[in-house]
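Naming convention: chains lettered A, B, ... in sequence-line order (proteins, then strands); numbering from 1 in each chain. Keep in mind it's a predicted model, so treat the numbers as computed, not measured.
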Amino acid sequence: MSVLDELFEQALSKKSVFRDKKYLSVDYIPDELPHREEEILRLANILVSILRDSRPSNIFEYGPVGTGKTAVTKLVLKKLSEKAEKAGIRFRYAYINCRFFRTNYRALVKVAMELGLRIPRTGLPVDVILSLITRKLEENYRFLLVVFDEIDWLVKYSGDDILYQFTRLNSELNKSEISLIGITNDTRFREYLDARVLSSLSEETVVFQPYNQEQLYDILLQRARLAFREGVIDDEAIRYAAAIAARDGDARRAIDLLRVAGEIADRSGDFKVTVDHVVQASEEVERNIIREIISILPPNQQLLLLAIAGLSKLSRNKITTGKVKHVFDWILSQIGKQPITLRRINDYLAELETLGIISSTIVSFGRHGRTRIIKLEIPVEIIENILTKDPLYSELYSELIRTIISP
DNA sequence: CTTCCACCGGAAGTACCGGTAA
DNA sequence: TTACCGGTACTTCCGGTGGAAG
């Protein structure tokens with residue numbers, strides 16, 4: 001039997017600690033969301049006007065990561081559209097995660113697709129799509145609700161044009177009406193918005209607070225009962241996972257932790273999930289997040305990160321933009337590429353900073369100019385570990401360590 | 001007090017790509 | 001086929017700017 005066969009056979013025959021892992025996945029939304037009853041009611045109270053044939057207010061939802069904004073919204077909308085359908089109200093909603101649809105055009109196409117229109121991913125002018133949407137609306141629907149999740153990504157990339165268009169659209173529609181929901185965890189989001197858009201978007205505001213430890217425990221208990229087989233998970237382990245995630249009140253992290261702990265238990269052939277597994281899981285989850293972020297970076301940004309890693313390894317002086325540019329250009333020349341302008345490198349650095357990989361402060365050295373001092377927020381070893389998996393990067397990196405002397 | 005360094009970061013422009021419609 | 005559309009990735013241009021040196 002081959003190694004592969006053996007692995008698969010083992011998976012089939014071996015008892016897993018899981019009954020059904022899907023209850024611990026990000027996509028699963030339970031019918032009951034513990035400790036979000038208030039928010040659910042708030043939202044439902046606003047949206048219920050659809051059932052009374054009147055347009056609900058636009059809603060702005062704000063709260064940190066993993067506080068249930070998306071789950072609450074999806075849950076309420078699901079129930080609402082069930083009721084609306086039974087009552088014969090022609091209501092439709094479009095859910096857009098702006099992290100993945102971050103240009104005006106793509107967001108618009110997503111709305112069109114949710115309305116059942118078949119639209120090419122590119123090639124058409126914006127106003128054509130807008131008029132297709134309005135026609136479809138007028139013909140088929142009384143209410144449209146557009147949910148812009150992680151709306152800050154859309155606005156930062158493409159401005160608030162599309163939001164403005166949507167808020168204005170109502171005056172052009174006769175038989176249909178549109179409402180918007182904007183969801184964000186960015187505290188400073190309001191600053192990016194045009195005043196008109198901001199005021200119309202936040203007709204109603206719902207704020208989500210982080211979960212505390214007991215609340216997280218309740219959430220995990222609910223999920224664990226569904227996802228794990230009877231008696232395989234220690235209460236202790238659940239409490240521990242809740243405690244870790246309570247540091248930032250993030251329920252998504254808590255649920256991830258439990259799932260990974262279960263996977264680790266399975267892998268090591270244990271029949272129970274213990275605190276120990278959760279401890280291991282918390283390290284693994286952390287590593288995976290970093291690995292995921294770095295590995296999907298565009299090649300140029302990976303190379304830039306390599307340059308920063310090299311610099312932080314061998315110079316005890318502060319890392320400045322100028323030095324980074326110097327080393328980065330060297331790397332590019334090694335692989336036969338043209339140097340890249342400082343302006344663009346600044347953009348790279350800004351992106352790495354928003355991802356939390358680096359941090360920086362602008363410092364003035366008087367006569368010696370003003371520059372950014374860059375600091376890695378992740379241990380160099382981890383970055384080396386991830387990037388030097390690629391033989392090309394590995395070779396470049398050791399060459400870099402050997403040859404570059406701080407300028 | 002003025003200078004001037006070494007950048008910062010907004011705005012606009014260029015080049016190329018994959019796509020549509022006629 | 002051609003004219004046009006929007007996305008992506010980058011460049012060019014350029015008006016700032018904190019604070020030690022002069």
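Both A/Arg343 and A/Thr320 sit near DNA chain B, but only A/Thr320 has its closest nucleotide nearer the 5' end. Each of A/Gly369 and A/Arg372 was matched to the nucleotide of DNA chain B holding its nearest heavy atom; the match closer to the 5' end belongs to A/Gly369.
If you measure from atom CG of A/Leu342 to atom P of C/dA9, you get 20 Å, rounded to the nearest angstrom. Residue A/Ile362 contributes atom CD1, which lies 14 Å from atom C1' of C/dG19 at whole-angstrom precision. Atom-to-atom, CD1 of A/Ile345 to P of C/dC10 comes out at 11 Å; the value is rounded to the nearest Å. Separating the CG atom of A/Leu108 from the C1' atom of B/dT20 is a distance of 16 Å, rounded to the nearest angstrom. One can place CD of A/Gln301 at 9 Å from P of C/dA9, the figure rounded to the nearest angstrom. In this structure, the CG atom of A/Asn104 is 12 Å from the C1' atom of C/dG7, given to the nearest Å. Atoms NZ (A/Lys325) and C1' (C/dC10) sit 12 Å apart, rounded to a whole Å. The separation between A/Ile374 atom CD1 and B/dC7 atom P is 10 Å, rounded to whole Å.
Proximity note for A/Thr321 (side chain, C-beta onward) versus C/dG22, B/dC7, B/dA21: the nearest is B/dC7. Residue A/Arg370 has its side chain nearest to C/dT17 when only B/dA21, C/dT17, C/dC10 are considered. Comparing C/dG6, B/dA6, B/dC4 by their nearest atom to the side chain of A/Val126 picks out C/dG6. The A/Thr103 side chain lies nearest to C/dT8 when the options are C/dC10, C/dT8, B/dC8. Set against C/dT11, B/dC8, C/dT8, the side chain of A/Ile340 has C/dT11 as its closest nucleotide. Side-chain proximity of A/Arg367 to C/dG7, C/dA21, B/dA6: nearest is C/dA21. Between C/dT11, B/dC8, C/dC5, one nucleotide has an atom nearer to the side chain of A/Pro125 than all others, and that is C/dC5.
A 6.0 Å sphere centred on CD of A/Glu377 holds more than 12 heavy atoms belonging to other residues, nucleotides or ligands.
Judged by the 6.0 Å distance and 45° axis criteria, A/Arg259 is not positioned over the aromatic ring of A/Tyr23. Cation-pi check for A/Arg102 over A/Tyr157 is met; the charged atom lies under 6.0 angstrom from the ring centroid and within 45 degrees of its normal.
In this structure, the side chain of A/Glu284 does not engage the main chain of A/Ser282 through any donor-acceptor pair within 3.5 Å. Checked by atom type and distance alone, the side chain of A/Ser176 never pairs as donor or acceptor with a backbone atom of A/Leu173 at under 3.5 Å.
As judged by a 4.0 angstrom heavy-atom cut-off over every strand, A/Asp347 is placed among residues making no nucleic acid contact. The residue A/Pro299 sits apart from the nucleic acid: no heavy atom pair falls under 4.0 Å.
Regarding contacts with the backbone of C/dG7, every side-chain N or O of A/Tyr157 stays at 4.0 angstrom or more from both OP1 and OP2. Considering only side-chain N and O atoms, A/Asn346 lies nowhere under 4.0 angstrom from the phosphate OP1 or OP2 of B/dG10. Remark: A/Arg106 is not in phosphate contact with C/dC5, judged by side-chain N or O atoms under 4.0 Å from OP1 or OP2. At C/dC10, one or more side-chain N or O atoms of A/Arg344 fall inside 4.0 Å of OP1 or OP2 (strictly under the cut-off).
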What's the verdict on side chain to side chain donor-acceptor pair (under 3.5 Å) for A/Asp270 and A/Ser268, showing C-alpha distance, side-chain angles and the deciding distance? CA-CA 6 Å; A/Asp270 297 332; A/Ser268 44; 3.2 Å; yes
